[in-house]
Protein chains: 2
Amino acid sequence: MASTGNGKSKRDTYRHGDLRNALIEAGLELARQGGPEAVVLRAATRQAGVVPNAAYRHFADRGALLHAVSQAAMAHVAHTMEAEQAALPPAEDPAAGARARFRAVGTGYLRFAQEEPGLFRTAFHVPGDMTHAAADTAAGPGGKTPFELLGTALDGLVENGLLPEDRRPGAEFLAWSAVHGLAVLLIDGPLRGLHPTQAHDAGQHVIDMIERGI
Amino acid sequence: MASTGNGKSKRDTYRHGDLRNALIEAGLELARQGGPEAVVLRAATRQAGVVPNAAYRHFADRGALLHAVSQAAMAHVAHTMEAEQAALPPAEDPAAGARARFRAVGTGYLRFAQEEPGLFRTAFHVPGDMTHAAADTAAGPGGKTPFELLGTALDGLVENGLLPEDRRPGAEFLAWSAVHGLAVLLIDGPLRGLHPTQAHDAGQHVIDMIERGI
DNA sequence: CTCGAATGTGGACATCGTACACAAGGGGTG
DNA sequence: CACCCCTTGTGTACGATGTCCACATTCGAG
């Protein structure tokens, strides 16, 4: 076993073989259900069929484990964003395509926040840094972090004349602020429990505001 | 004593007299320094000079205490926002005044986030609901919650023709999203540690975007 | 004055993070 | 192929936390 994800049967080998990843995987599951505070060191080791202290061979402390889980969650965010872009119908012209890809960045971000609130909260739980955010561990299949995806989409807007070049600097912070703020409102603010379609509309409104105000 | 806020000397009376508020006060101090997860029941009771279990006469559990502290922190946010508005120079004309008061809402909010990040995080820590948010416990000296302050400011914009009436519905969520998102970026996102003046500029940019895009 | 409801105390327990010493065993060197 | 050592997992232990239960103290209504 060791490779199979189940955590029930006790390991047959003394060595686990892939404990570090098993712990991150277990942590992800805990985070999915209960957010960052639910990723408990002892629970993760239990799930991996290992004694609590074994974790310390791979992580300095609970915080380090949580950070690794957070990075993995961030990668999931990136994945959802890329998927949203990939699902886009072929664009009529380059400009329309750039605009659609930009909006998909926000839409994917918001979709993830609603579908996986626990992971979302974990991904952005006082993340050491989400810009450089160890680009490899926090990246999606395309190799880009959520932030980088946003930057690329903004560059696309500029290239197609949809965003004046002098407004480009710092634009990611404006866009990110608005979308992330809405995400928070949706998952544990006053907009929590909004019907998915209404939430989607709210998301489009915010993205409209960004396009207008950026 | 009981009335004095110090927590050093042991109470002389068997009854504390105002334990509930003493615990909230202690919780606020803990939250100020370490955010929501730092508001620890035992620490608060210790500070109040009382045995841990005494807290259960006033709060159902740690969560209830944290919620009360959160509400108190929210009141502090409202206070800062009101102060920001009060400090405004007299306006030239009503419209300019309405606009300045609207911007002050955002500026005050962002100021508080930077000056008291621990309290800020605590105020918005999965708050049962921040809209109705028990208007009395979360309100500032003016009797309004942060959300209500924002709504009032938006109404002011409409009254002065600065915001089309058909754009008013839901506008608080657009504005709140953007400002709150920036606040998060500033206190534990990639904009953390930004020089206060730069942070202020970023805030003005976001508010500009809101005014343009709302 | 008396007695009950409100408030604080004491002791106990499960769980958590983590430190320290020890065991197992896989891989490089001879 | 044998040996030794470094990595990885185990066992035991400690302090801290949230919370439960039974008991003590005191205030205030009658």
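If you're wondering where the values come from, they're calculated on a predicted model, not measured in any experiment. Throughout, a chain's letter reflects where its sequence line sits, starting with A, and its residues are numbered from 1.
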Visitor: Could you pull out the closest heavy-atom pair between B:Ala44 and B:Leu65, with the gap in Å?
Guide: CB-CD2, 4.3 Å
Visitor: Check whether any side-chain nitrogen or oxygen of B:Tyr56 sits under 4.0 Å from OP1 or OP2 of D:dT19, and answer yes or no.
Guide: yes
Visitor: Got a sec, which residues hit salt bridge (charged side-chain N to carboxylate O under 4.0 Å, His left out) with B:Glu25, two or more places apart in sequence or on another chain?
Guide: none
Visitor: Under 6.0 Å between ring centres, would you say that holds for B:Phe102 and B:Tyr109?
Guide: no
Visitor: Minimum heavy-atom separation for A:Ala78 and A:Leu149, please, with both atom names.
Guide: O-CD1, 3.8 Å
Visitor: For C:dT15 and A:Arg46 - does any side-chain N or O of the residue sit under 4.0 Å from the phosphate oxygens OP1/OP2?
Guide: no
Visitor: Please determine whether a side-chain nitrogen of the Lys or Arg among B:Arg99 and B:Glu211 lies less than 4.0 Å from a carboxylate oxygen of the Asp or Glu.
Guide: yes
Visitor: With each end axis built from five pairs of C1' atoms, what bend angle do you get for the helix from C:dC1-D:dG30 to C:dG30-D:dC1? Round to 10°.
Guide: 0°
Visitor: With a 4.0 Å cut-off on N to O distance, would you call B:Asp208 and B:Arg103 a salt bridge?
Guide: yes
Visitor: Which part of the nucleic acid, if any, lies within reach of A:Arg62 when heavy atoms closer than 4.0 Å are counted: base, sugar-phosphate only, or nothing?
Guide: sugar-phosphate
Visitor: Mapping A:Ala60 and A:Ala43 onto DNA chain C by nearest heavy atom, which one lands closer to the 5' end?
Guide: A:Ala43
Visitor: Sugar-phosphate atoms are those with a prime plus P, OP1 and OP2; base atoms are the rest. Using that split, label each nucleotide of nucleotides 7-12 of chain D B, S or - for protein heavy atoms under 4.0 Å, 5' to 3'.
Guide: BBBBBB
